[in-house]
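Heavy-atom basis, side chains included; hydrogens, waters and symmetry copies ignored. Just so it is clear, the model here is predicted, and its values are computed rather than measured. The chains referred to below are lettered A, B, ... by the order of the sequence lines, with proteins before strands, and numbering in each begins at 1.
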Number of protein chains: 2
Amino acid sequence: MKRNSRLSSTLHILVHMADAPDRALTSEQLAGFIHTNPVVVRRTIAGLREAGIVTSSRGHGGGWQLGRAPDKISLAEISAALGETLLPFSTEPESPGCLVEQAVIAVLDDFRLEAERLLTERLSHITLADLTADFRRRYDLIGVSSHAV
Amino acid sequence: MKRNSRLSSTLHILVHMADAPDRALTSEQLAGFIHTNPVVVRRTIAGLREAGIVTSSRGHGGGWQLGRAPDKISLAEISAALGETLLPFSTEPESPGCLVEQAVIAVLDDFRLEAERLLTERLSHITLADLTADFRRRYDLIGVSSHAV
DNA sequence: CGATTCGTAACTAATTAAGTTACATGAAAC
DNA sequence: GTTTCATGTAACTTAATTAGTTACGAATCG
């Protein structure tokens, strides 16, 4: 798993889980999808369990399943559960007392607040179901073109 | 200079430059504002020079100055000149051929495109002049409260 | 009980970005 | 023209972050 690809990797995993709603997938299987280690998977999606997006069970036949229907799981929730920051720039003061820095931080924080509101709003309208639908569309297209040849 | 603080550090520097329009500030002086090394400053704002946001001159009395009026310099230009990415998540394929990944990337790239358009639009309405105005407001407030005491 | 699977801590490795040193280039002062 | 000052840039070092790995305890099923 590359850097900064936690969101896309997690979505990848979740679509696979949505595609197999009847059975639990193990960390090992999920890791295979994104070419990484089972422990990395468990660590990465631990927050999703706490958010109720997925459930996990131990022991024989255990593994991971979606916590609710794919159309009730938005990308906004997933991103938040991953602890991802939408906007990467920092506004930590480095020169406390400097009025110039205070002005910069104030403006930047205002922008960040508004931007995060906007992005979260948009992400909340995209659900896992949209992703699986997109996947099925691609899958069917491949099938059709195979027949055509 | 902390990680991910290139944007705020650069804005800090630029406001100081806007506040001293009559003379060039050296990398050394600029570095002092953000507690870092002159070479880091030169490296960081090299892109701003190429974008015409600042000019630099060598030798005696040399240093850095704004390339145009503060109200003609938007945060969108600055961010772009720094090579900053507004949205941090990666959509690089890691499993070429996997239709699930393709669907995820397609949706995510769509979102990114729209989000970047939105954020850039907003950043293009905030100028260096807005930042200096905010700074002056804070400066005057301090003055007033000092008198009050 | 034995096999399986998650949960998590602890450590290692890889990557990235900042900090530093060094030196060539160019411009102004004298 | 030589000295001084400043940028431009390459190369290297250091620090921080994140992914990968190993290990083992806890829980669950047959």
OP1 or OP2 of dT7(D) sitting under 4.0 Å from any side-chain N/O of Ser27(B)?
yes
Heavy atoms from C-beta onward define the side chain here; which of dA6(D), dG7(C), dT16(C) lies closest to that of Arg3(A)?
dT16(C)
Below the 4.0 Å mark, does dG8(D) have OP1 or OP2 next to a side-chain nitrogen or oxygen of Arg49(B)?
yes
Please tell me if the side chains of Met1(A) and Thr44(A) come closer than 4.5 Å, counting only heavy atoms from C-beta onward.
yes
Heavy-atom distance under 4.5 Å between the side chains of Leu108(B) and Leu11(A), does that happen here?
yes
Residues two or more places apart in sequence or in another chain: which of them pass side-chain contact (heavy atoms from CB on, under 4.5 Å) with Arg49(A)?
Ala46(A), Val54(A), Ser56(A), Trp64(A)
Between atom CD1 in Ile13(A) and atom P in dC6(C), what is the gap in whole Å?
12 Å
Interatomic distance where CD belongs to Gln65(A) and P belongs to dC6(C) [whole Å]
12 Å
Which nucleotide in dA6(D), dG19(C), dT8(C) has an atom nearest any side-chain atom of Met1(B)
dG19(C)
dA6(D) C1' sits how many Å from Ile45(B) CD1, rounded?
13 Å
Sorted by chain and number, sequence neighbours left out, side-chain contact (heavy atoms from CB on, under 4.5 Å) with Glu84(A) holds for Arg6(A), Leu7(A), Ser79(A), Leu82(A)
Would you mind listing every salt bridge (charged side-chain N to carboxylate O under 4.0 Å, His left out) that reaches into residues 13-33 of chain B, with sequence neighbours excluded?
Asp19(B)-Arg136(B)
Pairing donors with acceptors under 3.5 angstrom, does anything connect the side chains of Ser5(B) and Glu94(A)?
yes
Note, Ile13(A) side chain near Ser9(A) side chain (heavy atom, < 4.5 Å)
no
Under a 4.0 Å heavy-atom cutoff, the residues of residues 87-95 of chain A touching DNA chain D are none
Measure the distance from CG on Asn4(A) to P on dT18(D) and round it to the nearest whole Å.
8 Å
For nucleotides 26-30 of chain D, tabulate all protein N/O to nucleotide N/O atom pairs closer than 3.5 Å, reporting atom names and distance.
from    : atom 1 : to       : atom 2 : distance (Å)
dA26(D) : N3     : Arg58(A) : NH1    : 3.0
dA27(D) : O4'    : Arg58(A) : NH1    : 3.2

Tell me, do Pro93(A) and Glu101(A) make a side-chain contact under 4.5 Å, heavy atoms counted?
yes
Respond yes when some side-chain nitrogen or oxygen of Ser56(B) is under 4.0 Å from OP1 or OP2 of dA6(D), and no when none is.
no
Are any of the side-chain heavy atoms of Thr127(A) and Leu75(A) separated by less than 4.5 Å?
no
Using heavy atoms and a sub-4.0 Å distance, could you list which residues of residues 28-43 of chain B are near DNA chain C? By number, please.
Thr36(B), Asn37(B), Val39(B), Val40(B), Arg43(B)
Parallel under 30°, tilted from 30 to 60°, perpendicular over 60°: which one fits the rings of Phe135(A) and Tyr139(A)?
tilted
Quick check: do Glu77(A) and Leu48(A) have side-chain heavy atoms less than 4.5 Å from each other?
no
For Trp64(A) and dT5(C), give me the distance from atom CH2 to atom P, rounded to whole Å.
14 Å
